[in-house]
Amino acid sequence: MKAPNLAVDIAGLKLKNPVMTASGTFGYGEEYSDYFDLNALGAVVVKGLSVGPRTGNPTPRIVETPSGMLNAIGLQNIGVKTFIDEKLPFLRRFDTKVIANFFGDSIEEYVECARMLSDAEGVHALEMNISCPNKQEGWIVFGTDPMTMDKVITAARKATGLPLIVKLSPNVKDIGQMAKIAESAGADAVSAINTITGMVIDVRKRAPVLANKTGGLSGPAIRPVAVRMVWEVCRAVKIPVVGMGGIMNAEDALQFLIAGAKAVAVGTANFITPSAACDVVEGLKLFLETEGVSDINEIIGTVRA
Amino acid sequence: MHRHFKAKVVDNNFAAEAFKLITLSPVSEALVPLPGQFYMLESGRSTDPLLKRPFSVFRFNEGSLQFLYRIRGRGTTSIAGFNKGDLINVVGPLGKAYPEPDGRFMAVTGGVGIASLYSLLERNRGNSVLFYGARNAAELLYREEAEKLSAKAFFTTDDGSAGEQGLVTDKLSEFIKNEGKSMPVYACGPHPMLRKVAAIAKQNNLKCYVSLEEHMACGIGACLGCVVKAKSSVGDYGYKRVCKEGPVFDADEVLW
Ligand SMILES: Cc1cc2nc3c(=O)[nH]c(=O)nc-3n(C[C@H](O)[C@H](O)[C@H](O)COP(=O)(O)OP(=O)(O)OC[C@H]3O[C@@H](n4cnc5c(N)ncnc54)[C@H](O)[C@@H]3O)c2cc1C
Ligand SMILES: Cc1cc2nc3c(=O)[nH]c(=O)nc-3n(C[C@H](O)[C@H](O)[C@H](O)COP(=O)(O)O)c2cc1C
Ligand code: FES
């Protein structure tokens, strides 16, 4: 039998397979190149970037939870300029797509970030993290307030000619509704889900474990919630959806694809098994072969629901 | 050769109450670790506990890796349950090693910190002056072996059940005053002890290397979860990754 086709198309972005890395769990790619050949991936999504560098939150920043973890890294990053000068040349060596995740604490910063990244050689698409608070409007999180969300996406849309993926926050009442707002504001695709806000208390200290008090929950613990939300998003919009949340192996990834996601991202699993994303690609191939399916696109969105 | 491999559990026995020594034999060729480097060990078969746990390489010989660990919470309890013959996932060696000492040096450790310094003592047999503190005699693990590897050794316990009763850092101060004025200091142990060791070294103008601990998710520099506040050339401070820029730091770099 001919090897099955794994290639997918996300708003004009051609991926050799539907597997990406989730932002913030894969550094800038370098860290993992000791463990597997990055050429195996559909895309590398890098750690969230802001215009200037950020030092991030005080420690402790992470704590393990049942089948998951909370993180409050505080978006520590090296800034767009250093990324372009020092990290991008390394990523350009690989035949995989590079997706730059970015954020800001004002609409202007999002716009500036999107512009700078769009001009850089070797960035193939942008992923916009809107789970950040807006400094100008009382620190309301962009991605949880429909009005602010619409404004910031509209502005970023004008600032870039690259495919623009908007990463949705799960900390909202109706994620399908939020996806529609992203779609009408000009997003080429949406990705979901970002982490779910959580908290762990040290009962002896009677204080939160994380210095930031709360953090974002990720890992297998959030997978059923993520699958449900991705399914809702897929029904709400026509633009492609990238699904993520607790994917540990190919079987988990298939849940998202069957729910309607055109691609998936592997996040926390990279921490446990450095080759996790690559293993998911292999696992998908094997699944198609054993099921006798010749093209991954025949699986996408086939959920009987 | 890969930094991510499967290893067979050769032994996983108690070294003292609440302390175990696990011996692993990598099933494929593995890299040779240096003193101060660490490994991430699988914490069990299921997703709970989820993350691997970091452990300093205690000893390395003829292809087998040994880790000396204290059973603390869910992860180490799960690791303590591994049986002879089990295959587990391991990532390493990781992080920066201790700089090779050039002649004599002082090694300061509290509790299970000996796990990190032991191979340094072994590699530099007869060159160390050891200061080793623990809660009690039973927790002075590998005391005799460590003593034999060192030119001189001082032991302290909280309860006086072995060595002198008192703090290992007091012993260190006393020794430096009398005869340790030109030796570098290598230290691994609880954070408050390290802070004190760093201060003593600074007062006496001695080079000092400390091995730090932080909670880790990935161990390979990707998550930024394991950082410590350090001096920075830009701004007042920056965060450095214990797993990548450390775990061994020049004590001068750290903002205590
Ligand atoms: C580079 C490095 C090398 C290490 N080497 C050794 C070693 O050789 N032998 C050994 O016994 N231990 C070592 N540790 C510490 C060991 O990793 C932790 O004790 C272990 O991860 C605890 O896991 P747990 O699930 O059992 O405990 P948890 O349930 O996670 O925690 C139990 C207690 O330990 C604390 N704790 C958890 N993780 C850490 C950590 N990384 N640093 C400090 N405190 C922590 C928690 O706050 C809690 O109070 C090392 C840590 C690092 C970072
Ligand atoms: C340590 C850590 C850092 C993260 N940093 C970012 C980030 O910078 N930008 C972003 O959009 N998402 C970030 N995320 C969210 C992930 O990309 C992903 O959406 C989420 O973790 C769910 O997937 P998972 O369960 O597979 O990890 C981070 C997640 C973790 C665990
Ligand atoms: S443990 Fe992930 S960066 Fe150090």
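Just so it is clear: chains get the letters A, B, ... in the order the sequence lines come, proteins before strands, and each one is counted from 1. For the numbers below, each heavy atom of this structure counts, side chains included, while hydrogens, waters and symmetry mates do not.
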With a 4.5 Å cut-off on side-chain heavy atoms, are [Y] and [X] touching?
| X | Y | answer |
| --- | --- | --- |
| B/Cys223 | A/Thr25 | no |
| A/Asp34 | B/His4 | no |
| B/Ile220 | A/Tyr35 | yes |
| A/Thr59 | B/Lys229 | no |

Proximal component of B/Met40, with respect to chain A [non-hydrogen, under 4.5 Å]: neither
Contacts with chain B made by residues 200-225 of chain A (heavy-atom distance under 4.5 Å), listed by residue number: A/Pro220
Stepwise side chain to side chain contact (heavy atoms under 4.5 Å, CB included) test for A/Ile272 and B/Leu50: CA-CA 7 Å; A/Ile272 296 129; B/Leu50 179 68; 3.5 Å; yes
Separation between OH of B/Tyr239 and CD1 of A/Ile73, rounded to the nearest 0.5 Å: 11.0 Å
Reported CD1-to-CG distance for the pair A/Ile62 and B/Leu224, which is rounded to 0.5 angstrom: 10.0 Å
Top of B/Ala217, B/Ser232, B/Gly221 for chain A proximity - count of heavy-atom pairs under 4.5 angstrom: B/Ala217
CA sep, side-chain torsions, deciding dist, call: A/Gln76, B/Arg241, side chain to side chain contact (heavy atoms under 4.5 Å, CB included): CA-CA 12 Å; A/Gln76 178 182 341; B/Arg241 298 166 294 183; 5.9 Å; no
Region of A/Pro58 in contact with chain B, defined by heavy-atom distances below 4.5 Å: both
Side chain, backbone, both or neither of A/Asn57 within contact of chain B (heavy atoms, under 4.5 Å): backbone
Residues which pass ring-ring contact (aromatic ring centres under 6.0 Å, His included) with A/Phe26, listed by chain and number, not counting sequence neighbours: A/Tyr32
Residues forming a ring-ring contact (aromatic ring centres under 6.0 Å, His included) with A/Phe94, sequence neighbours excluded: A/Phe90
Pairs where residues 45-56 of chain B contributes a residue and the test side-chain hydrogen bond (donor to acceptor under 3.5 Å, both in side chains) is met, not counting sequence neighbours: A/Glu64-B/Arg53, A/Ser67-B/Thr47, B/Glu42-B/Arg45, B/Asp48-B/Arg74
Residues, nucleotides or ligands: over 12 heavy atoms within 6.0 Å of A/Glu251 CD: no
Under 3.5 Å: donor-acceptor pair, side chain of A/Arg61, backbone of B/Val227: no
